[in-house]
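See below for the structure under consideration.
As the structure is a computational prediction, the values presented were derived from the model and not from experiment. Protein chains get the first letters and strands the later ones, always in sequence-line order, with residue 1 at the start of each.
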Number of protein chains: 2
Amino acid sequence: MDVKSPRGAYAKGRAKRREILDHAIALFGDVGYRAASLREIATRSGISHPGLLHHFPTKEALLLAVLAHRDEVDGELFTGSTGTDALRRLVDLVRLNAGRRAIVELFTVLSAEATAPDHPAHRFFVDRYRRTVAGVERAYALAGEAGALRPEVDPPAAARHLVALMDGLQIQWLLENCRTDMVPVVRAHIKAQLKAPL
Amino acid sequence: MDVKSPRGAYAKGRAKRREILDHAIALFGDVGYRAASLREIATRSGISHPGLLHHFPTKEALLLAVLAHRDEVDGELFTGSTGTDALRRLVDLVRLNAGRRAIVELFTVLSAEATAPDHPAHRFFVDRYRRTVAGVERAYALAGEAGALRPEVDPPAAARHLVALMDGLQIQWLLENCRTDMVPVVRAHIKAQLKAPL
DNA sequence: CCTACCGATCGGTAGG
DNA sequence: CCTACCGATCGGTAGG
């Protein structure tokens, strides 16, 4: 018995779950959900594929667990910032993403795959984009009310524009094998919309 | 013998090839290249799957034929326009794309899938983006030389920005089931970069 | 263009 | 957590 972890068996199960999630993120990002195999994820995680199905009962459950896990981690990033400050935080998010190719790949590949209405992650991404665009729109609206926005900026259009810009830059960044910098493009865009320097 | 088509056999072969290409575009767009099956494309085209392989020897050959076919059709759109005029034409392209969901789906899904270096279309999309961004950059540069651009517009960054914007809007448009209009967002963006009205 | 087949691989289950 | 298996499906080939 390990004194430092009296619930060693549970801790081990949680660690294995986490290991499976990490390898699932990597493979879903590389080849997409449909083309990824449970056997490959299981082998990378050091277990058999029925072993994997003990932790996640179906392939779809694994996908949804991956998405929920990512939402949980990234959701913490933007709690408490509003208006102009939230727009500034988005530049930080772009910088952060430049350091985690696997996550960027995952969302780029899955969001495209999930445009198909029968894809198991379709609802997730429809809801996610609705929430994201609405959140960015609110940030623009608040910045506008505070008098920080140039008058020609229209919050609804600006929100869709900014989210699209970030997504599109990620495709280019991945195809260029991360050799370019997404940050200045986003930074210059937001800067041009604000009255005060960013 | 049909007098109006003395090479009826050849014409029929070409029509079947074209039919296969159309169904391949639709299925590759719906589920991606890896998850699409030759049997499904063949069935939709009214032949057996070895029959399909008579026209296209491998799955990869079919993919490359689809991409070459699209490049051939769309390449004609921009011959002869330069500078500000080419930027205006890009707005027309967005409007055109809003009328062909299948094509938009195809390129959105495949470009994301092909960010993986070992994807059979990887080279195609790397080259395609290089060419596209370079072409748009040249349009901005020419517009700048003609004095049509606002001074803060930087052609290299503006080119990556505009291409990213178009790609990102397509993802949102597909997830929203084509219920929104991409044109005003792109139009307003380019308009804000030009001195003269669009 | 077809039928019939190949070996490989898939998600999931049985039974322990 | 395992081995062993299920039926289904894959891309491609043989042979006509």
Side-chain angles (χ1 to χ4, degrees), chain A residues 2 5 7-28 30-67 109-110 113-114 116 118-121, chain B residues 5 7-28 30-67 110 113-114 116 118-121:
Chain A
D2 187 340
S5 49
R7 295 172 309 228
Y10 289 149
K12 199 174 162 193
R14 290 173 71 94
K16 184 56 81 178
R17 256 185 77 97
R18 179 57 194 272
E19 196 182 344
I20 294 168
L21 282 177
D22 286 340
H23 290 293
I25 288 170
L27 193 63
F28 287 163
D30 274 346
V31 304
Y33 168 72
R34 285 192 244 244
S37 85
L38 295 179
R39 281 167 170 86
E40 176 64 26
I41 297 168
T43 300
R44 292 185 187 188
S45 307
I47 54 173
S48 66
H49 95 273
L52 187 155
L53 289 167
H54 167 75
H55 294 279
F56 303 95
T58 65
K59 189 184 183 185
E60 188 171 329
L62 175 59
L63 172 66
L64 298 179
V66 162
L67 296 173
V109 170
L110 288 189
E113 201 182 19
D118 65 329
H119 192 283
Chain B
S5 51
R7 295 172 311 231
Y10 290 149
K12 198 175 162 192
R14 291 173 68 96
K16 185 56 79 178
R17 255 186 77 98
R18 179 56 195 275
E19 195 181 345
I20 294 168
L21 282 177
D22 286 340
H23 289 294
I25 287 170
L27 193 62
F28 287 162
D30 274 347
V31 304
Y33 169 72
R34 286 192 244 244
S37 85
L38 295 179
R39 280 168 170 86
E40 177 65 26
I41 297 168
T43 300
R44 294 185 187 188
S45 306
I47 54 174
S48 66
H49 94 273
L52 186 156
L53 290 167
H54 167 76
H55 294 279
F56 304 94
T58 65
K59 189 183 183 184
E60 188 170 330
L62 175 59
L63 172 65
L64 298 178
V66 163
L67 296 173
L110 288 188
E113 200 181 21
D118 65 329
H119 193 282

Look at the side-chain N and O atoms of B/Ser48 and state whether any lies under 4.0 Å from the OP1 or OP2 oxygen of C/dC2. yes
Quick one: is A/His55 getting a side-chain N or O under 4.0 Å of the D/dC1 phosphate, OP1 or OP2? yes
Side chain to side chain contact (heavy atoms under 4.5 Å, CB included) test vs A/Ile25 passes for just one of A/Ile20, A/Asp30, A/Val66, namely A/Val66
For residues A/Leu63 and A/His119, determine if any side-chain heavy atom of one lies less than 4.5 Å from a side-chain heavy atom of the other. yes
Scan nucleotides 4-16 of chain D nucleotide by nucleotide, 5' to 3', and note B when protein non-hydrogen atoms come under 4.0 Å of the base, S if they reach only the sugar-phosphate, - if neither. BB----BBBB---
Sort out the partner of D/dT9 for me: Watson-Crick or G-U wobble, both distances under 3.5 Å, none otherwise. C/dA8
Euclidean distance, atom NE2 of residue B/His54 to atom C1' of C/dT3 [Å, nearest integer]: 16 Å
Is there a donor-acceptor contact under 3.5 Å from the side chain of A/Glu40 to the main chain of A/Leu27? no
What does C/dA14 pair with, Watson-Crick or G-U, if both distances are under 3.5 Å? D/dT3
Side chains of B/Leu21 and B/Phe56: closer than 4.5 Å at any heavy-atom pair? yes
So does B/Pro120 get a backbone contact from the side chain of B/Glu60, meaning a donor-acceptor N/O pair under 3.5 Å? no
Answer yes or no: is there a side-chain heavy-atom contact under 4.5 Å between A/Arg14 and A/Arg18? no
